[in-house]
Amino acid sequence: MRSRPGPLLPAALAATVSLAIVLAACGGPGGSGSGSGTDHPSGDEVVLRVEHRGGFVPVEWLFSGTPAFTLVGDGRVIVPGAVAAMFPGPALPPLMARRLNDDGVEAVLQAVGATKQFARDAQWQGARNFVADAAETVFTVHADGQDVVVSIYGLGAFLPNEAPPQVSREELAAHVALSALADRLGNPDAWIPATGWAETGWQAYSPTALRLL
């Protein structure tokens, strides 16, 4: 997590600690290994994470925001839960978790591979030429013996048939593929069959390890 230059607002200090707590709990030490299908880390190690950075948002969000999707090696999927419309809001956003079985994990990794966007690290920044203050979406994948980070600015900021000339054909393909992947990961129940889940429903996720920054 990068902080903006200059002194932090006092109200944001507690949120800084809060974010570190959540992120530390979402990924910790664990052995790597392989099961059926695509090789990937095991235990608490991150297999796939999607997060949003920057953008025209309040400074407090930068310190309390959590990844939009996290898959760890034991099959747990961790996503943000619904936040009650109340003031002040909770110090930490609620998180929900549900465990995939081997078939479910493989389905997610196959969806990632089908985009053909994770052969190497990549940074797609063309949208900065015409979109101001958009967020950057960062996909982190640890699977099949590779560690790949792909970041793309302004994902979903334009329609494929309305892309401006500053966006290359290759970057346009990345926008299309990664936007579709982000949409799928945002609603995993809609496409992962019931047989891919080791648990029948989502449960509140409570961190078991804390890391203060």
Side-chain angles (χ1 to χ4, degrees), residues 1-2 16-54 62-81 92-115 117-123 135-152 155 177-178 181-189 191-192 196-199 202-213:
M1 167 67 65
R2 298 176 181 173
T16 305
V17 175
S18 299
L19 176 64
I21 291 173
V22 173
L23 293 185
C26 289
S32 61
S34 60
S36 60
T38 307
D39 180 63
H40 61 79
S42 61
D44 289 336
E45 292 191 36
V46 171
V47 176
L48 170 63
R49 173 171 286 166
V50 182
E51 54 191 320
H52 305 293
R53 300 175 183 173
L62 296 176
F63 295 111
S64 61
T66 57
F69 182 95
T70 302
L71 169 64
V72 296
D74 63 7
R76 281 176 299 160
V77 173
I78 304 168
V79 297
L92 288 176
L95 296 172
M96 304 298 291
R98 188 179 179 188
R99 193 182 303 272
L100 293 165
N101 58 29
D102 288 344
D103 289 341
V105 172
E106 183 64 17
V108 172
L109 293 178
Q110 289 294 325
V112 171
T115 66
Q117 296 297 318
F118 295 94
R120 63 185 185 280
D121 291 348
Q123 289 187 326
E136 188 169 20
T137 304
V138 182
F139 298 80
T140 302
V141 180
H142 305 288
D144 205 18
Q146 293 184 300
D147 302 310
V148 178
V149 178
V150 174
S151 61
I152 185 165
L155 187 65
L178 295 177
L181 177 62
D183 288 344
R184 297 188 79 187
L185 296 177
N187 188 15
D189 296 283
W191 60 278
I192 299 177
W197 296 97
E199 298 172 345
W202 294 88
Q203 303 293 329
Y205 175 74
S206 298
T208 57
L210 308 179
R211 181 181 301 159
L212 305 182
L213 301 178

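This chain uses plain numbering: 1 for the first residue, then up along the sequence.
A search for salt bridge (charged side-chain N to carboxylate O under 4.0 Å, His left out) contacts involving Arg98 returns Asp189, not counting sequence neighbours. Applying the side chain to side chain contact (heavy atoms under 4.5 Å, CB included) rule to Gln110 yields the partners Thr38, Glu106; only residues at least two apart in sequence or on another chain are considered. Looking at residues two or more places apart in sequence or on another chain, you find a side chain to side chain donor-acceptor pair (under 3.5 Å) between Asp74 and Arg76, Arg99. Remark: Ser151 pairs with Glu136 by the side chain to side chain donor-acceptor pair (under 3.5 Å) rule, at least two apart or across chains. With sequence neighbours excluded, no residue forms a side chain to side chain donor-acceptor pair (under 3.5 Å) with Glu199. Contacts of Ala114 classified as side chain to side chain contact (heavy atoms under 4.5 Å, CB included), with partners at least two apart in sequence or in another chain: none.
Summarising the geometry, atom OG1 belonging to Thr70 is positioned 8.0 Å from atom CG belonging to Leu48; distances are rounded to the nearest 0.5 Å. Once rounded to the nearest 0.5 Å, the distance linking NE2 of His142 with CG of Asp147 reads 5.5 Å. Atoms CG and CG, from Asp39 and Leu109 in turn, are 10.0 Å apart once rounded to the nearest 0.5 Å. Note that the OH atom of Tyr205 and the OG1 atom of Thr66 stand 11.5 Å from one another [nearest 0.5 Å].
At least one donor-acceptor pair closer than 3.5 Å links the side chain of Asp121 to the backbone N or O of Val149.
Leu185 approaches Phe69 most closely through the heavy-atom pair O-CD1, 3.4 Å. Considering every non-hydrogen atom in both Thr115 and Val112, the closest pair reads OG1-O, 2.7 Å. Considering every non-hydrogen atom in both Ala111 and Arg184, the closest pair reads CB-NH1, 3.8 Å. For the pair Pro80 and Ala68, the tightest heavy-atom approach, listed with the atom from each and the gap, is CD-O, 3.4 Å. Nearest heavy-atom pair across Val150 and Arg120 is CG2-O, 3.9 Å. Between Trp191 and Ala107, the shortest heavy-atom distance links the atoms CZ3-O, 3.9 Å.
Contact check for Leu181 versus Phe139: side-chain heavy atoms found under the 4.5 Å cut-off. For the pair Thr137/Leu178, no side-chain contact is recorded, criterion being any heavy-atom separation below 4.5 Å from C-beta on. Side-chain contact between Trp202 and Leu95 is absent, with no heavy-atom pair separated by less than 4.5 Å. Contact annotation: the side chain of Asp144 never approaches that of Phe118 to less than 4.5 Å [non-hydrogen atoms, C-beta and beyond].
One finds a salt bridge joining Arg53 and Glu51 here, because a Lys/Arg side-chain nitrogen approaches an Asp/Glu carboxylate oxygen to under 4.0 Å.
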